[in-house]
Every structure is written in C-alpha cells, then in structure tokens.
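Just below is one structure, and these are the notes that go with it.
These numbers come from the heavy atoms of this one structure, side chains and all, not from hydrogens, waters or symmetry mates. Heads up: numbering here begins at 1 and tracks the sequence. The structure presented is a predicted model; accordingly, all values stated were derived computationally and were not measured.
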Amino acid sequence: MTAKFEKFMLNGVEYKTRLTQKWINRKKWEEPNPYLLYSHIPGTIMHIEVKEGQIVEEGDTLLILQAMKMNNKLSAPFSGKIKKISVSVGDKIPKGALMVEMEESEAE
C-alpha cells in the first residue's frame, strides 16, 4: 500500500509528511466561544449567585463549583447579560460541561 504524502508550509519552507489515521480522525479544533462558560474540572454546583437576564460586571461571581472539597468561584470574564444558566444547585457536572451562557448587554 502506497502512503499518500501531504504538503504543508512552515516558516516559508515546504515539507512533505504522511498523516496517521489517528491524526486524520482527530477532533478538529474550533475557536472557543467566549460567551459559553464551561467547567474546567468536574465538581458539584454549590450555589448560583445570578439569574437569567441579569446584567453582570466583569469579575462578578456567577456560581460556586465545589471540586476536591474546595469551593471554586466562577467569575464573569467580561461585563454582559446572563442569557441562560444550564446547571442547578446540587448538580454533579463533568469537566467540559456548559454552565452559563452570556451575551452582550444592550447598555454597552
């Protein structure tokens, strides 16, 4: 079986390589959406400090996630409006779970 070579440019130099099946089947990278806030660690939602439709400022605490017996505060990364809260108090969530969806507030 003849392997197919792929060409690519890096710093103005052309290279040829063979791609593995693992590389071909990988999950493609997508630019993250800053308005979707995901959990970085698994844990339990202990307290939700905001409501849907509420305007928040950058740094405001949105919720408390307990992981490994430590309370982790999820803070607003920018000023905006809470569009949707996808978790409830007591939920045990895995890493990568969508917790809060934000949007730009009309006041901006």
Side-chain angles (χ1 to χ4, degrees):
M1 180 172 128
T2 307
K4 182 180 173 187
F5 282 96
E6 296 288 329
K7 295 180 185 179
F8 67 95
M9 294 287 287
L10 180 64
N11 295 329
V13 178
E14 185 176 290
Y15 293 91
K16 285 195 240 180
T17 188
R18 290 187 191 123
L19 302 179
T20 64
Q21 198 62 40
K22 181 178 178 182
W23 171 262
I24 293 167
N25 294 335
R26 79 193 185 287
K27 181 181 176 185
K28 305 292 188 226
W29 182 85
E30 293 179 17
E31 186 171 352
N33 183 341
Y35 295 100
L36 302 177
L37 307 178
Y38 294 95
S39 62
H40 294 286
I41 53 176
T44 304
I45 303 297
M46 300 306 290
H47 188 34
I48 299 174
E49 306 218 357
V50 294
K51 294 184 178 4
E52 290 182 5
Q54 182 176 336
I55 304 293
V56 294
E57 296 297 321
E58 181 178 348
D60 288 353
T61 300
L62 304 179
L63 57 83
I64 309 275
L65 173 70
Q66 186 181 66
M68 297 174 28
K69 298 184 182 179
M70 294 183 65
N71 290 334
N72 300 278
K73 292 182 182 180
L74 175 68
S75 300
F78 49 82
S79 298
K81 182 177 179 182
I82 304 299
K83 183 175 180 180
K84 184 177 180 191
I85 299 172
S86 301
V87 294
S88 301
V89 173
D91 284 356
K92 294 183 182 339
I93 60 171
K95 176 182 176 182
L98 177 62
M99 298 184 293
V100 177
E101 186 176 345
M102 293 180 66
E103 63 185 356
E104 290 184 31
S105 63
E106 293 82 28
E108 292 180 10

4.5 Å side-chain heavy-atom contact, [X] and [Y]:
X   : Y    : result
E14 : F8   : no
I82 : K51  : no
N72 : L74  : no
V87 : I85  : yes
F78 : E104 : no
I64 : K73  : yes
V56 : M102 : yes

Working to the nearest 0.5 Å, report the span between [atom1] of [X] and [atom2] of [Y].
X   : Y   : atom1 : atom2 : answer
E52 : S86 : CD    : OG    : 8.0 Å
L63 : N71 : CG    : CG    : 11.0 Å
M70 : L65 : CE    : CG    : 11.5 Å
E49 : T61 : CD    : OG1   : 5.5 Å

Check your understanding: Given M99, which of L62, D91, I45, I48 fulfils the side chain to side chain contact (heavy atoms under 4.5 Å, CB included) condition?
Key -> I45
**Study point:** NZ (K28) with more than 12 external heavy atoms under 6.0 Å
**Key:** yes
Point to revise | Heavy-atom donor-acceptor pair, S39 side chain to P94 backbone, under 3.5 Å | key: yes
Practice item. Answer yes or no: is there a donor N or O on one side and an acceptor on the other, between the side chain of S79 and the main chain of E58, under 3.5 Å? Key: yes
Review point. Linking I/L/V/M/F/W/Y whenever their side-chain heavy atoms sit closer than 4.5 Å, directly or via other members, would V89 and L37 fall into one cluster?
Key: yes
Check your understanding: Does I41 share a hydrophobic cluster with L36, counting links as ILVMFWY side-chain heavy atoms below 4.5 Å and allowing steps through other members?
Key -> no
Review point. Among all residues two or more places apart in sequence or in another chain, which pass the ring-ring contact (aromatic ring centres under 6.0 Å, His included) test with Y38?
Key: none
